[in-house]
Each structure stands twice: as C-alpha cells, then as structure tokens.
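Comments concern the structure below.
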Amino acid sequence: MNTYLFFKSLHLIAVISWMAGLLYLPRIFVYHAENMNKEEICTVFKTMERKLYNYIMMPAMILSWLFGLILISYVGFETLSAKWLQIKLVLVILLSIYHFYLGSFLLSFSQNNNTKSSKFFRWLNEFPTLLLIIIVFIVIFKPI
C-alpha cells in the first residue's frame with residue numbers, strides 16, 4: 001500500500017468532516033437565534049451544537065492538521081518553501097481561527113447570551129465556503 005496516498009485519503013476524509021461541521025454549525029445557529037424565546041427548542045439546539053462541535057468538528061480539525069503535517073513531512077519540509085503551500089496554510093489557519101470563533105458563539109448560546117441575529121449567522125456561514133473554494137483551486141492548480 002502506498003503510505004502517502006493512505007495519509008492523503010485520511011487527510012481528505014478529515015477535511016470533509018471538518019468542513020461539513022464548519023458549514024452546518026452556523027446554520028444551526030441561524031435556527032437557534034430565530035427561536036431564542038422557545039426554551040424546549042433551544043435545549044435541543046444546544047445539544048446539537050455541543051455534540052457537533054465537540055464530537056465531530058474538533059476531532060476532524062485536529063486530524064486534518066495531523067494528517068496534513070504528516071503529508072508535509074512525508075514529502076519533505078522543504079515543500080514549505082512553495083508559495084501555494086504557504087498560502088494554503090495561511091487559509092487553513094484562518095479556518096482554524098473561524099472554528100474557534102464559532103466555539104465562542106457556542107458558549108454564548110449555551111449561556112443564553114447570544115446577541116447576534118440569524119441574518120448575522122447566515123452571512124457568517126459564507127466565510128468557510130469562500131476559503132474552501134480558494135484552497136481547492138490553490139491545491140489543484142498550484143499557481144505559484
């Protein structure tokens with residue numbers, strides 16, 4: 001078995017899982033923000049948000065980073081001098097910051113302290129999509 005392709009496959013699986021969470025959690029926040037006055041519904045959303053973040057998104061982010069770093073070490077750390085990879089890493093760092101930013105909203109919802117509107121979360125949901133598109137094109141075409 002080709003070890004590089006094995007880790008590349010694991011990396012892609014982890015990234016897909018992470019991206020699914022990054023796209024879905026803000027959508028749950030939209031519905032949560034629209035139902036803040038309905039305690040029973042909010043309890044369900046809080047459970048969904050917590051489980052998605054802690055049991056899917058966090059492990060997927062960690063595994064994405066781990067398998068990505070394994071791939072870099074496999075091909076050699078000199079690949080870090082490639083501009084396309086540097087740009088990709090900066091964008092993945094931004095996705096990681098976004099991940100923890102979503103975690104701050106998870107905390108505010110869990111404490112019933114959310115002050116943001118559903119419209120805010122609809123717009124916030126566009127950020128990871130934009131980064132995903134840019135990352136995919138950079139990785140496939142390696143323009144720089």
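Looking at residues two or more places apart in sequence or on another chain, you find a ring-ring contact (aromatic ring centres under 6.0 Å, His included) between Tyr98 and Phe127. Residues that satisfy the ring-ring contact (aromatic ring centres under 6.0 Å, His included) test with Tyr24, not counting sequence neighbours, are absent from this structure.
Taken together through direct or relayed side-chain contacts under 4.5 Å among Ile, Leu, Val, Met, Phe, Trp and Tyr, Ile87 and Val139 form part of one hydrophobic cluster. In terms of hydrophobic clustering, with Ile, Leu, Val, Met, Phe, Trp and Tyr side chains grouped at heavy-atom distances under 4.5 Å, Leu12 and Ile62 are assigned to different clusters. If you chain together hydrophobic residues whose side chains sit under 4.5 Å apart, Phe100 and Leu52 fall into the same group. Under the 4.5 Å side-chain contact rule for hydrophobic residues, Leu131 and Phe141 share a cluster. Taking hydrophobic clusters as Ile, Leu, Val, Met, Phe, Trp and Tyr residues chained together by side-chain heavy-atom distances below 4.5 Å, Ile93 shares a cluster with Val136.
For residues 78-97, the pairs satisfying side-chain hydrogen bond (donor to acceptor under 3.5 Å, both in side chains) are Trp65-Ser96, with sequence neighbours left out. Residue pairs meeting the side-chain hydrogen bond (donor to acceptor under 3.5 Å, both in side chains) criterion with at least one member in residues 36-45, sequence neighbours excluded, are Asn35-Lys38. Applying the side-chain hydrogen bond (donor to acceptor under 3.5 Å, both in side chains) test to pairs two or more places apart or on separate chains, those with a residue in residues 7-20 are Trp18-His99. Residue pairs meeting the side-chain hydrogen bond (donor to acceptor under 3.5 Å, both in side chains) criterion with at least one partner in residues 117-134, sequence neighbours excluded, are Glu34-Ser118, Glu34-Arg122.
Annotation: the span from Leu22 atom CG to Leu132 atom CG amounts to 9.5 Å, rounded to 0.5 Å. Rounding to the nearest 0.5 angstrom, the gap separating the CZ atom in Phe67 from the OH atom in Tyr74 is 15.0 Å. If you take CE on Met57 and CD on Glu49, they are separated by 11.0 Å, rounding to the nearest 0.5 Å.
The shortest side-chain heavy-atom distance between Leu10 and Ile70 does not fall under the 4.5 Å cut-off. Side-chain contact between Arg27 and Phe121 is absent, with no heavy atoms from C-beta onward closer than 4.5 Å. When side chains are defined from C-beta on, Lys51 does not count as touching Ile56, because their heavy atoms never get closer than 4.5 Å. You'll find the side chain of Ile28 stays beyond 4.5 Å of the side chain of Tyr31, heavy atoms only. Ile138 has its side chain within reach of Leu91: a pair of non-hydrogen atoms, C-beta onward, lies under 4.5 Å apart. In this structure, Phe105 and Leu124 have side chains that are in contact, with non-hydrogen atoms separated by less than 4.5 Å. Ile13 is not listed as a side-chain neighbour of Leu63, based on a closest heavy-atom distance of 4.5 Å or more.
Counting all heavy atoms, side chain and backbone alike, Arg50 lies closest to Leu106 at N-CD1, 3.6 Å. Here the shortest heavy-atom pairing between Asn114 and Met36 reads CB-CE, 4.1 Å.
Tested against Ile135, the residues Leu95, Leu89, Ile140 include a single side chain to side chain contact (heavy atoms under 4.5 Å, CB included) partner, Leu95. Phe29 pairs in a ring pair (Phe, Tyr, Trp, His ring centres under 6.0 Å) with only one of the listed residues (Tyr53, Phe109, Phe45), which is Phe109.
Within 6.0 Å of the NZ atom in Lys142, the count of heavy atoms belonging to other residues, nucleotides or ligands exceeds 12.
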